Amino acid sequence: MPELPEVETIRADLSDCLLGRKIISCQVTRAGILRGPVKIYRQLLVGAKVKAVERRGKLLLLRLSNDYTLAIHLKMTGQIVVVSPTGDRVGGHPIKGVSQVPNRFTHVTLTLTGKVKLYFNDVRRFGYWLLVLNSDLPKLLRNYGPEPLSPNFTVQQLAAKLKRRRGSSIKAALLDQTVVAGIGNIYADESLFVAGVQPDRRAGELLEEEIKKLHQAVKTVLRRAVRARGTSFNSYVDGRGRRGTYWERRLVYGRQNEPCLRCGRLISKTRIAGRGTHYCQHCQK
DNA sequence: CACTTGACCTGTCCGC
DNA sequence: TGCGGACAGGTCAAGT
């Protein structure tokens with residue numbers, strides 16, 4: 001469930017904690033997380049410095065001082081938590097109660113200079129680490145649509161992409177990473193509510209005016225969620241093991257049978273595009 | 001090509 | 001208290 005706001009929050013935390021540090025050791029307790037032989041990963045990671053921490057969609061990118069980039073996908077339950085022996089040098093706050101590390105879901109541990117530890121935890125083990133040669137990076141990122149919080153994300157180009165779709169719903173379109181990068185189930189529902197658009201509307205049939213509203217809604221919702229440091233209602237924690245607060249501000253997601261914050265009628269839950277989908281029948285047309 | 005479905009996993013919750 | 005089953009949803013491969 002880490003979507004763009006959660007991954008962006010982690011990116012910023014890792015950037016604060018890791019920039020310029022050298023990886024001293026790499027301990028792997030579940031090899032399946034790494035897309036490739038453990039031995040190769042150790043060879044390439046140990047000795048490398050972290051030059052930059054970037055994000056594309058929901059993919060985290062650690063640019064290393066060699067010719068490689070470590071791409072990390074958290075999928076649904078992946079966590080990255082960084083701690084130092086004292087707790088405050090790196091993050092400001094030690095982990096307390098929210099996510100003790102390491103634990104039985106810790107699959108990879110990096111030790112960096114300054115005794116800083118990076119733990120990768122993942123209950124469901126859908127997440128992965130992928131070391132990719134920098135020259136191969138464009139190939140990996142080719143399938144991502146525009147970053148919704150960058151100027152590359154325009155109404156015109158969103159409209160063009162939606163028009164090309166035939167039968168599928170606008171909800172499915174928002175979840176499609178080639179349409180726009182970084183939206184998942186939570187922020188798709190939130191954006192559609194803000195735009196006043198029913199999630200099961202055919203994507204190709206939205207009016208220009210509605211596309212405009214949706215384009216704006218996506219940006220508004222994602223910005224608000226980044227400011228709240230993401231949504232924690234299950235396993236998500238930021239790079240320092242802390243929770244985000246967007247859950248407390250959510251408009252429709254997980255609010256089925258509760259009153260719509262706009263009209264007071266009850267929020268509905270149904271299944272669209274194979275996902276639990278929350279919306280207001282009255283406010284969303 | 002457009003689109004849908006199933007697989008990958010395991011913790012949590014609900015009904016019996 | 002325990003147990004079976006539904007459910008959570010990001011992505012990719014396979015199927016329609």
Side-chain angles (χ1 to χ4, degrees), chain A residues 1-11 29-36 55-61 71-80 98-100 103-108 120-130 132 139-145 147-148 160-192 199-206 218 222 225 230-237 244 246-247 250 252-257 268-279:
Chain A
M1 257 153 291
E3 304 178 29
L4 184 150
E6 290 76 24
V7 181
E8 177 57 25
T9 301
I10 294 171
R11 185 207 64 74
T29 43
R30 194 172 285 270
I33 297 295
L34 310 181
R35 295 209 168 160
R55 177 192 58 74
R56 185 77 174 90
K58 302 168 192 170
L59 202 57
L60 206 51
L61 302 169
I72 300 180
H73 204 302
L74 302 171
K75 293 287 183 86
M76 256 96 70
T77 53
Q79 301 176 326
I80 293 182
V98 172
S99 173
Q100 294 296 330
N103 56 47
R104 68 189 169 109
F105 304 117
T106 302
H107 308 309
V108 188
F120 176 82
N121 315 321
D122 192 350
V123 168
R124 291 172 72 176
R125 309 203 306 267
F126 289 177
Y128 62 84
W129 286 27
L130 173 66
V132 46
K139 199 166 55 187
L140 176 71
L141 304 178
R142 195 166 45 187
N143 294 327
Y144 283 102
E147 282 294 324
K161 282 205 169 139
L162 294 183
K163 205 163 288 173
R164 219 172 306 146
R165 299 179 78 94
R166 293 226 276 269
S168 76
S169 62
I170 184 62
K171 166 107 181 205
L174 285 180
L175 293 173
D176 183 342
Q177 302 299 295
T178 68
V179 172
V180 47
I183 299 178
N185 203 37
I186 297 173
Y187 302 113
D189 284 4
E190 296 287 289
S191 299
L192 287 165
D200 61 351
R201 288 276 301 283
R202 301 300 90 191
E205 290 169 4
L206 289 202
V218 163
L222 292 178
T231 302
S232 293
F233 68 97
N234 51 6
S235 60
Y236 167 72
V237 291
Y246 188 82
W247 180 252
R250 72 203 197 278
V252 287
Y253 185 86
R255 296 194 67 248
Q256 62 273 18
N257 302 321
S268 306
K269 179 172 182 184
T270 175
R271 202 160 188 85
I272 294 171
R275 300 282 184 271
T277 300
H278 316 72
Y279 70 106

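Just so it is clear, the structure is predicted and the values come from calculations on it, not from any experiment. Computation of the quantities below employed the complete heavy-atom set of this structure, encompassing side-chain atoms and omitting hydrogens, waters and symmetry-equivalent molecules. All chains are named by letter (A, B, ...) in the order of the sequence lines, taking the proteins before the strands, and each is independently numbered beginning at 1.
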Checklist entry - What integer number of Å spans the P atoms of dC3(B) and dG9(C)? => result 22 Å

Next on the checklist: Suppose you measure atom P in dT11(C) against the same atom in dG11(B); what distance do you get, rounded to whole Å?
Outcome noted: 22 Å

Checklist entry - Arg30(A) near the nucleic acid: base, sugar-phosphate alone, or nothing, with a heavy-atom cut-off under 4.0 Å? => result nothing

Next on the checklist: Does Gly276(A) reach a base, just sugar-phosphate, or nothing at all? Heavy atoms under 4.0 Å.
Outcome noted: sugar-phosphate

Next on the checklist: Quiz question: by atom type and distance under 3.5 Å, do the side chains of Asp122(A) and Thr77(A) form a donor-acceptor pair?
Outcome noted: yes

Next on the checklist: Checking Lys171(A) now: which residues fulfil salt bridge (Lys or Arg N to Asp or Glu O under 4.0 Å) with it, not counting sequence neighbours?
Outcome noted: Asp189(A)

Item to check | Counterpart residues, salt bridge (Lys or Arg N to Asp or Glu O under 4.0 Å), relative to Arg11(A) (two or more places apart) | outcome: Glu8(A)

Checklist entry - Considering residues at least two apart in sequence or located in another chain, which fulfil the side chain to side chain donor-acceptor pair (under 3.5 Å) criterion with Thr9(A)? => result none

Item to check | Salt bridge flag under 4.0 Å for residues Lys58(A) and Glu3(A) | outcome: no

Checklist entry - Can Phe126(A) be classed as stacking with the base of dC9(B), given a centroid separation cut-off of 5.5 Å and a plane angle cut-off of 30°? => result no

Checklist outcome for this item: Per nearest nucleotide of DNA chain C, the residue lying toward the 5' end, Tyr128(A) or Met76(A), is Met76(A)

Is it true that a side-chain atom of [X] and a backbone atom of [Y] form a donor plus acceptor pair closer than 3.5 Å?
X	Y	value
Glu6(A)	Thr231(A)	yes
Gln177(A)	Gly145(A)	no
Lys161(A)	Ala173(A)	no

Item to check | Heavy-atom protein contacts under 4.0 Å, nucleotides 1-6 of chain B, coded B base, S sugar-phosphate only, - none | outcome: -SSS--

Item to check | Trace of the ring-ring contact (aromatic ring centres under 6.0 Å, His included) decision for Tyr246(A) with Tyr187(A) | outcome: CA-CA 10 Å; Tyr246(A) 188 82; Tyr187(A) 302 113; 5.5 Å; yes

Checklist outcome for this item: Counted 5' to 3', the first and last nucleotides of DNA chain C within 4.0 Å (strictly under) of a heavy-atom of chain A are dA8(C) to dT11(C)

Checklist entry - For DNA chain B, what string of dots and brackets results from 5' to 3' when Watson-Crick and G-U pairs need both distances under 3.5 Å, crossing pairs get [ ], and pairs with another strand get |? => result .|||||||.|||||||

Checklist entry - What class does the angle between the rings of His107(A) and Phe120(A) fall in, given that below 30° is parallel, 30 to 60° is tilted and above 60° is perpendicular? => result tilted

Checklist entry - NE2 of His73(A) versus P of dC9(B): gap in Å, rounded? => result 17 Å

Next on the checklist: Are the side chains of Asp176(A) and Arg165(A) in contact, using a 4.5 Å heavy-atom criterion?
Outcome noted: yes

Item to check | Donor-acceptor pair (no angle test) under 3.5 Å: Arg125(A) side chain, dC9(B) base | outcome: no

